[in-house]
Each structure stands twice: as C-alpha cells, then as structure tokens.
Amino acid sequence: MYQLYSLRDKLGMTAKVLEAGSGVGGTWFWNRYPGARCDSESHTYMYYFSKEIIQEWEWSERYPQQPEILRYLNFVADKLKLRSDIELDTRMSQAHFDEATNRWHVKTENGKEYNAQYLITAVGCLSSANMPKIKGLSDFKGKWYHTGQWPHEGVDFKGKRVGVIGTGSTGIQAIPVIAASAAHLTVFQRTPNYSLPARNAPLTPEFKKYAKEHADDIRKIMTTNTNGHGFYIEDKSALEVPEDERLKAYEKKWEQGGFQFRALYRDILTSAEANETAAQFIRNKIKQIVKKPEVAELLADIDHPFAAKRPPVDSHYFETYNRDNVSLVDIRKAPIECITANGIKTTEHEYPLDIIVFATGFDAMTGSLVKLDVTGRNGRTLREYWHAGPRTYLGLQIPGFPNMFTITGPGSPSVLCNMPPAIEQHVEWITRCIKHMRDKGLDCVEVPESSGDAWQAEVDAAANATLLPKVKHSWYLGANVPGKPQVFMPYAGGLSHYRDICEEVIQDNYRGFEFHAAR
Ligand code: NAP
C-alpha cells in the first residue's frame with residue numbers, strides 16, 4: 001500500500017499492489033495474537049501519508065492495539081482511494097525477469113499473470129513465520145497456533161491449559177493477556193529476555209492536541225535521529241555519570257516507560273561496560289517485581305547485552321509470573337524433547353496442555369523474499385544468490401535483479417528502527433529513482449556485484465562497531481532458523497546516517513547503480 005500511494009500519486013503511473021490476505025494491513029492484518037500492539041508510541045507510529053491524514057486520524061492510546069492500527073490502515077486505504085488498485089487474496093508465486101524486454105513477469109497462486117517494468121517488494125521483514133520442527137506436533141490432540149498466523153475469529157483460552165513457546169517481543173506481549181483468561185499458562189523459556197515497561201495509557205486530550213500541533217516538529221525528529229523514534233539519543237556516556245545520578249535517570253525512564261530508556265546514554269549499544277549498567281538495572285527490577293525467587297532468577301539470568309536483541313516493551317509481563325496460574329519452564333536446562341498427544345515433553349517432565357502457542361518469531365528479513373521464487377538475470381534465483389547470506393546495495397537493490405527494489409531489504413536499517421519512517425525513506429528514494437529514469441528515458445536500473453560487496457563491507461563494519469553481533473542466538477543474524485547462514489542482516493549505522501548516504505548516492509549521479517537506456 002505504501003509504495004502504491006507514493007509512486008502512483010507522485011509519478012502518475014499505473015501501480016498494482018498484490019496483497020496475500022483478504023484485507024489491507026500487512027503485519028497488522030496477520031498478527032492478531034492476544035496483546036498485539038505497536039511498541040513505538042502512537043504519535044510517531046505512522047507513515048507520513050499526508051498532513052491531512054495526520055490531522056484527521058486520532059489515536060486512542062500511547063501504544064495502540066492491533067485492531068486500532070488495522071482500522072487506521074483501512075482508513076488510509078479509503079481516504080487515498082487505494083482499494084481499486086489493490087488485488088487482495090493474491091499471493092505471488094513466481095517472478096521472472098525477461099532480459100529481452102527488461103520487464104518482470106509475475107505469476108500468482110490464483111493463476112493470474114502480470115507484466116511490469118518494476119517489481120517492488122514490500123513483503124515485510126518479519127512476515128515469514130518460524131515454526132520450529134518439534135517431533136510429534138501432528139500427534140497433539142489439542143489446538144496449536146503461531147502468533148503470526150492467528151485465527152481471525154480469535155482463540156478462547158477460558159478454562160484451558162495453555163503452553164507458550166517463546167519469550168521474544170510477541171511472547172512478552174501475549175503472555176499477560178493469555179494468563180488473564182487461561183486456567184493455567186505454562187511458559188517454555190529458552191532465552192530469558194529484557195523488557196521495558198510500556199506504561200500504556202489512553203492519550204489525554206492535551207497530548208492529542210500537542211501531537212497534532214507539533215506534527216512537523218515530531219516528524220523532523222523522527223527523520224533525523226538514529227532509530228526513527230520521536231526522541232533523540234542523549235550525547236552522554238553512561239560511564240561519565242556518577243552511579244547515583246545514573247540510577248536516578250534509569251529509574252525515571254523506567255517509570256516513564258518505553259524505548260526512551262535506551263536513549264539515555266549514547267554508548268549503551270557500543271560499550272559493554274556502559275551496557276552493563278542498564279542491564280544490571282533491569283535485572284534488579286525483574287528480581288524486585290517477581291515474588292518467587294527461583295522464577296525471578298530464571299527470568300533475570302540473561303546471557304546477552306541489553307538491546308542487543310530488539311528489546312520488547314511490555315504491559316505487566318514480569319508481574320504475570322506472580323499469578324498462581326502461571327508457571328515458567330526452563331527449556332535451556334531441560335530442552336523440549338517432543339510434543340505428545342497430551343502436551344509438551346521436556347527431558348525432565350511432560351506438561352499436559354489443551355493449546356500450544358508458538359511465539360517463535362520469523363525467518364526474518366530474507367525469508368519472505370526468498371519464498372517469492374524470484375529469478376533474475378541469467379536464470380539465477382534469489383534463493384541461489386543468497387545461499388550464503390543476503391547481499392544487496394543499500395538494502396534497495398540486489399545484484400542480478402534489475403528493476404527490482406526491496407523496501408526495507410536486508411542491508412538497510414529497517415528492523416533496527418521504528419519501521420514506518422524506514423519504509424517511508426525507502427519509498428521516497430525508489431520514487432525519486434524511477435522519476436529520474438523516466439525523465440532521462442532510462443529503461444533499466446541494476447547494481448553490479450561490486451556495489452553489493454562494497455555495501456556488505458559497510459554493513460559488517462557498522463554492526464561490528466556495536467554490541468549487536470555479539471548475540472549469537474539473534475534473529476538479526478538468522479540464528480533462530482536452523483540451517484540459515486549467519487550474517488548480520490540490518491544496517492546498524494543508524495537511520496539518519498543511512499538517509500544521508502542514500503542522498504549522497506543520488507547527488508553523486510546514483511553512485512553504485514547502473515542504468516540502461518530504452519532500446
Ligand atoms: P523472536 O524475537 O524471534 O522470539 C522468538 C522466541 O521464540 C524466542 O524466545 C526464541 O528463543 C523462541 N524460540 C524460537 N524457536 C524456538 C524453539 N525451537 N524452541 C524454543 N524456543 C524457541 O520473535 P518475536 O517475539 O515474534 O519477535 C520478532 C520481532 O517482531 C521483534 O523483535 C520485533 O521486532 C517484532 N515485533 C514487534 C512488535 C510490535 O511492534 N509491537 C510486537 C511483536 C514483535 P531464543 O531467543 O532462544 O531463540
């Protein structure tokens with residue numbers, strides 16, 4: 001939907017959006033699990049479609065829930081009259097680049113075929129579900145669900161014994177809500193996780209008025225900071241502040257809630273020592289909140305730096321373990337052996353269950369692209385080209401795949417950001433590139449291998465300047481999917497710096513790109 005609006009309206013071109021679901025909304029169409037809500041604050045969580053939309057739409061909460069975000073996206077689709085250009089229920093099954101005509105031939109699962117000059121993928125960084133292959137799942141007599149493919153009619157947990165596998169952002173959002181209605185909830189935790197309190201609340205009329213009146217200022221901050229949020233990272237080291245002052249600052253941000261905690265000091269993600277001050281603060285908080293010491297110990301036994309995996313923002317996650325109907329199982333110590341007809345069996349115990357919820361994440365960043373079955377120059381598929389890990393130029397184009405653009409592709413800041421500003425920057429860049437081609441009578445744009453190699457070196461260098469690649473079990477590296485090559489995928493140099501690079505590339509006559517004139 002995003003690319004359709006910008007390209008169609010700015011270039012007046014015909015654009016077709018293929019949507020696999022029976023409604024618009026992408027992530028927010030599919031992720032209907034209990035507790036699903038955005039983790040960036042509502043007034044910053046918006047694609048800048050138009051000033052009018054920002055003024056007209058009113059968010060109700062600091063962190064809106066999935067139904068509200070989906071309503072917003074439907075409102076946008078109506079407002080911008082996008083629906084006539086969107087083909088719903090249309091899953092692309094194949095795309096093939098025709099070198100003779102410089103056009104893409106696209107086939108869909110429902111037997112339709114399209115022919116297009118440009119193929120722009122906006123398939124999401126986190127949309128290909130990661131379902132672990134656990135022996136015995138087909139024997140299970142109860143019901144099971146993956147959070148990213150949640151049934152639209154909802155799931156009734158009342159009176160049920162529920163097991164949740166996974167304590168990433170999704171599990172951490174879902175666990176408190178499931179616990180509130182299940183007879184018993186068993187959480188199977190492999191890697192304990194940090195989480196920051198969201199302190200979600202309805203937005204006050206004063207705040208709504210402020211956000212509308214200052215929409216341009218907020219947008220300016222979002223487009224000039226590191227992660228696309230509505231606040232800047234302080235230019236101060238955690239280590240130059242006396243301990244009592246630092247603890248007070250952490251306490252204040254903890255009480256305020258949200259990601260601003262991470263923005264208190266500039267070196268939280270670059271210095272292990274600075275990071276440990278924040279990590280220690282959160283571990284202490286977990287131990288204060290969770291009443292049973294052995295459970296608190298298990299939750300706080302975190303083996304990686306704070307924010308080196310994308311930090312969740314929660315509503316009463318740790319407090320949930322104080323409920324009598326919730327238990328925590330350490331599957332790092334006693335791994336899951338199999339699923340039986342009656343539940344989950346670890347190496348130590350069998351847990352009888354009626355429902356299993358897999359909050360096990362996604363084949364992130366590359367999974368949804370590789371699945372598309374795309375064939376570029378010389379008959380080479382994307383799966384073949386990326387067999388050792390993704391390679392792109394700026395996360396915008398892939399060598400050997402001319403006239404194809406990847407919105408928030410690997411090699412761009414994407415998942416290290418509040419996603420909408422990252423998506424928006426890509427859409428604007430692609431729009432300018434296509435306009436440039438039209439103005440100059442160019443027919444084809446592509447990137448040579450050398451551009452991909454040089455950019456990959458930048459991606460590696462940016463990651464290695466942070467603590468991010470130190471987490472060996474992170475999905476940023478692809479480590480959550482067995483057999484996936486382990487390469488740090490997003491660009492960690494920050495969105496504003498990346499934006500500057502993309503601008504310089506344009507100013508330098510699209511440095512690193514190659515264009516061909518129409519034959
Ligand atoms: P995730 O961060 O990859 O977490 C998956 C969880 O499942 C981890 O705890 C993982 O354990 C566990 N797991 C995976 N395979 C397993 C297996 N075979 N056995 C046992 N445990 C297993 O996925 P996610 O929670 O869906 O979050 C993914 C990303 O989506 C987030 O980082 C965030 O960027 C985004 N997200 C955003 C929002 C939002 O904006 N509101 C909400 C939810 C998610 P290990 O850590 O040991 O691998």
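Note that ligands are numbered from 1 as they come in the structure, with each ligand's atoms numbered from 1 the same way. This chain uses plain numbering: 1 for the first residue, then up along the sequence.
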- Message: Please work out, at 4.0 Å between heavy atoms, whether the side chain, the backbone, both, or neither of C38 comes within that distance of ligand 1.
- Response: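 Answer for C38: backbone.
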- Item | Within reach of ligand 1, part of F358 (heavy-atom separation under 4.0 Å) |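 The answer is neither; F358 stays 4.0 Å or more away.
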- Message: Just to verify, what does Y250 make a ring-ring contact (aromatic ring centres under 6.0 Å, His included) with, not counting sequence neighbours?
- Response: F261, Y265, F281
- Item | Listed partners of F75 passing ring-ring contact (aromatic ring centres under 6.0 Å, His included), at least two apart |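 In terms of ring-ring contact (aromatic ring centres under 6.0 Å, His included), with neighbours along the sequence ignored, F75 is linked to W57.
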- Query: Is a side-chain donor or acceptor of Q189 paired with a backbone partner of L298 at a separation under 3.5 angstrom?
  - Reply: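 Yes, because the side chain of Q189 sits within donor-acceptor range (under 3.5 Å) of the backbone of L298.
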- Using atom types as modelled and distance alone, determine if a side-chain donor or acceptor of W386 lies under 3.5 Å from a backbone N or O of R391.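 The answer is yes, because a donor-acceptor pair under 3.5 Å joins these two groups.
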From the candidates [options], the one that places a heavy atom nearest [atom]:
atom: atom 14 (C) of ligand 1; options: V471, T360, N193, I331; answer: T360
atom: atom 26 (O) of ligand 1; options: T170, T147, I172, T27; answer: T170
atom: atom 18 (N) of ligand 1; options: P335, P132, G35; answer: P132
atom: atom 3 (O) of ligand 1; options: F188, W28, W475; answer: W475
atom: atom 47 (O) of ligand 1; options: V187, V481, D303, T191; answer: T191
atom: atom 46 (O) of ligand 1; options: K309, H473, R190, R310; answer: K309

- Going by heavy atoms, is L126 under 4.0 Å from ligand 1?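 It does; at least one heavy atom falls under 4.0 Å.
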- Message: Could you check whether any heavy atom of Y476 sits closer than 4.0 Å to an atom of ligand 1, since that is the contact criterion I want to use?
- Response: no
Please list, in number order, the atoms of ligand 1 under 4.0 Å from a heavy atom of [X].
X: T167; value: 6 (C), 8 (C), 9 (O)
X: I165; value: 20 (C), 21 (N)
X: Y33; value: 42 (C), 43 (C)

- What do you reckon, does R37 have a nitrogen or oxygen under 3.5 Å from a nitrogen or oxygen of ligand 1?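 Min N/O separation from ligand 1 is below 3.5 Å for R37.
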- So is there a nitrogen or oxygen of A359 less than 3.5 Å from a nitrogen or oxygen in ligand 1?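 Among all N and O atoms of A359, at least one is under 3.5 Å from an N or O of ligand 1.
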When rounded to the nearest 0.5 angstrom, what is the spacing between [atom1] in [X] and [atom2] in [Y]?
X: L382; Y: L372; atom1: CG; atom2: CG; answer: 8.0 Å
X: K345; Y: K135; atom1: NZ; atom2: NZ; answer: 8.5 Å
X: H426; Y: E424; atom1: NE2; atom2: CD; answer: 12.0 Å

- Query: Judged by modelled atom types alone, do S128 and D363 share a side-chain donor-acceptor pair under 3.5 Å?
  - Reply: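 The answer is no; no qualifying pair exists.
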- Query: What class does the angle between the rings of F49 and Y72 fall in, given that below 30° is parallel, 30 to 60° is tilted and above 60° is perpendicular?
  - Reply: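 Answer is tilted, since the angle falls between 30° and 60°.
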- Geometric class of the Y351/F188 ring pair [parallel <30°, tilted 30-60°, perpendicular >60°]: perpendicular
